[in-house]
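Just so it is clear, the values below take in all heavy atoms, side chains as well, and ignore hydrogens, waters and symmetry mates.
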Amino acid sequence: ATLVGQPMSTMRSRQHDPLPTPELTTSEPLLTVRAGESLVLRIAAIDRQSGVAEVVVRCRSRENPALESVGRWSPRVSGGPADDRYFPVVVPIPRSSPSGTWELHEVTLCDGEGNARTSLPGRDFEEMLFRVEGREGVDHTPPRLLGIKFGTA
């Protein structure tokens, strides 16, 4: 499945219109991925001077933001330039992920000269959610910190 978010700039251009009454809306997940599988995002980007050299996508669990996964595209890793200015980024979902809602947390674009820009949902693109289905029989519980003691050497 291909996920396509609307750029926020189209929303900003309509700021002169009267704002509707705010409603409580919850974004629905766009698709479902099973834990242990990968999500493929096609990121559209351009850099007319030195070219796009790397695309980094970070996704994370809404219920447990410490649970995240990162995918990267670069010509070295992905075997050359992307077609049509779309860069396919594979984000592996950890096998130990419990069921829950995940989000596209940030997209970082780097050019051939080392310049980078990070784009965030709600600022640069619409919020994009997806559902992860956990696997049965997998330990989903992380270790718990019981305490810390200070001492001298």
Side-chain angles (χ1 to χ4, degrees), residues 1-15 19-47 52-79 82 85-151:
T2 300
L3 301 178
V4 179
Q6 293 293 329
M8 292 300 291
S9 62
T10 59
M11 292 177 57
R12 289 188 184 118
S13 66
R14 292 185 270 156
Q15 287 181 350
L19 296 174
T21 305
E23 297 178 21
L24 293 177
T25 59
T26 303
S27 296
E28 290 294 319
L30 298 170
L31 65 107
T32 299
V33 178
R34 189 170 169 100
E37 294 179 350
S38 295
L39 174 70
V40 178
L41 296 152
R42 291 178 34 97
I43 306 297
I46 189 170
D47 186 286
V52 176
E54 184 178 40
V55 179
V56 180
V57 173
R58 184 177 310 275
C59 295
R60 70 179 185 183
S61 168
R62 298 288 298 268
E63 293 84 9
N64 180 6
L67 182 58
E68 66 179 24
S69 186
V70 176
R72 284 183 163 65
W73 176 92
S74 73
R76 290 176 289 116
V77 175
S78 303
R85 295 188 181 106
Y86 279 88
F87 301 87
V89 181
V90 177
V91 180
I93 303 303
R95 182 168 163 63
S96 61
S97 297
S99 294
T101 301
W102 280 53
E103 64 183 347
L104 173 57
H105 178 61
E106 64 184 31
V107 176
T108 301
L109 304 172
C110 305
D111 71 9
E113 294 296 322
N115 300 306
R117 177 181 174 164
T118 299
S119 300
L120 301 171
R123 183 183 79 188
D124 303 303
F125 58 89
E126 294 291 331
E127 178 180 65
M128 298 175 75
L129 304 178
F130 60 98
R131 177 118 178 103
V132 170
E133 288 182 352
R135 295 179 179 267
E136 294 294 322
V138 175
D139 178 6
H140 299 295
T141 309
R144 204 172 55 148
L145 178 66
L146 297 177
I148 299 173
K149 291 184 180 181
F150 273 84

As an exercise, state the distance from [atom1] of [X] to [atom2] of [Y], rounded to the nearest 0.5 Å.
X	Y	atom1	atom2	value
Thr32	Glu37	OG1	CD	10.5 Å
Leu30	Glu127	CG	CD	9.5 Å
Arg34	Arg131	CZ	CZ	12.5 Å
Leu41	Met128	CG	CE	6.5 Å
Arg117	Glu106	CZ	CD	12.5 Å
Asn115	Cys110	CG	SG	9.0 Å

What class does the angle between the rings of Phe87 and Trp73 fall in, given that below 30° is parallel, 30 to 60° is tilted and above 60° is perpendicular?
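Perpendicular: the ring planes of Phe87 and Trp73 meet at over 60°.
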Begin from the C-alpha positions of Phe130 and Val91 and carry the test side chain to side chain contact (heavy atoms under 4.5 Å, CB included) through to its verdict.
CA-CA 12 Å; Phe130 60 98; Val91 180; 5.9 Å; no
Over all heavy atoms of both residues, which pair between Ser97 and Pro94 is shortest? Give the atoms and the distance, please.
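Between these two residues, the closest heavy atoms are OG-O, 2.9 Å.
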Go through the steps for Leu39 and Leu104 under the test side chain to side chain contact (heavy atoms under 4.5 Å, CB included), then give the verdict.
CA-CA 11 Å; Leu39 174 70; Leu104 173 57; over 6 Å; no
Which residues satisfy the salt bridge (Lys or Arg N to Asp or Glu O under 4.0 Å) test with Glu68, sequence neighbours excluded?
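With sequence neighbours excluded, Glu68 shows a salt bridge (Lys or Arg N to Asp or Glu O under 4.0 Å) to Arg58, given in chain and number order.
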Tell me whether [X] contacts the main-chain N or O of [Y] through its side chain, where contact means a donor paired with an acceptor under 3.5 Å.
X	Y	value
Ser69	Cys59	no
Arg135	Ala35	yes
Glu63	Thr101	yes
Thr118	Thr108	no

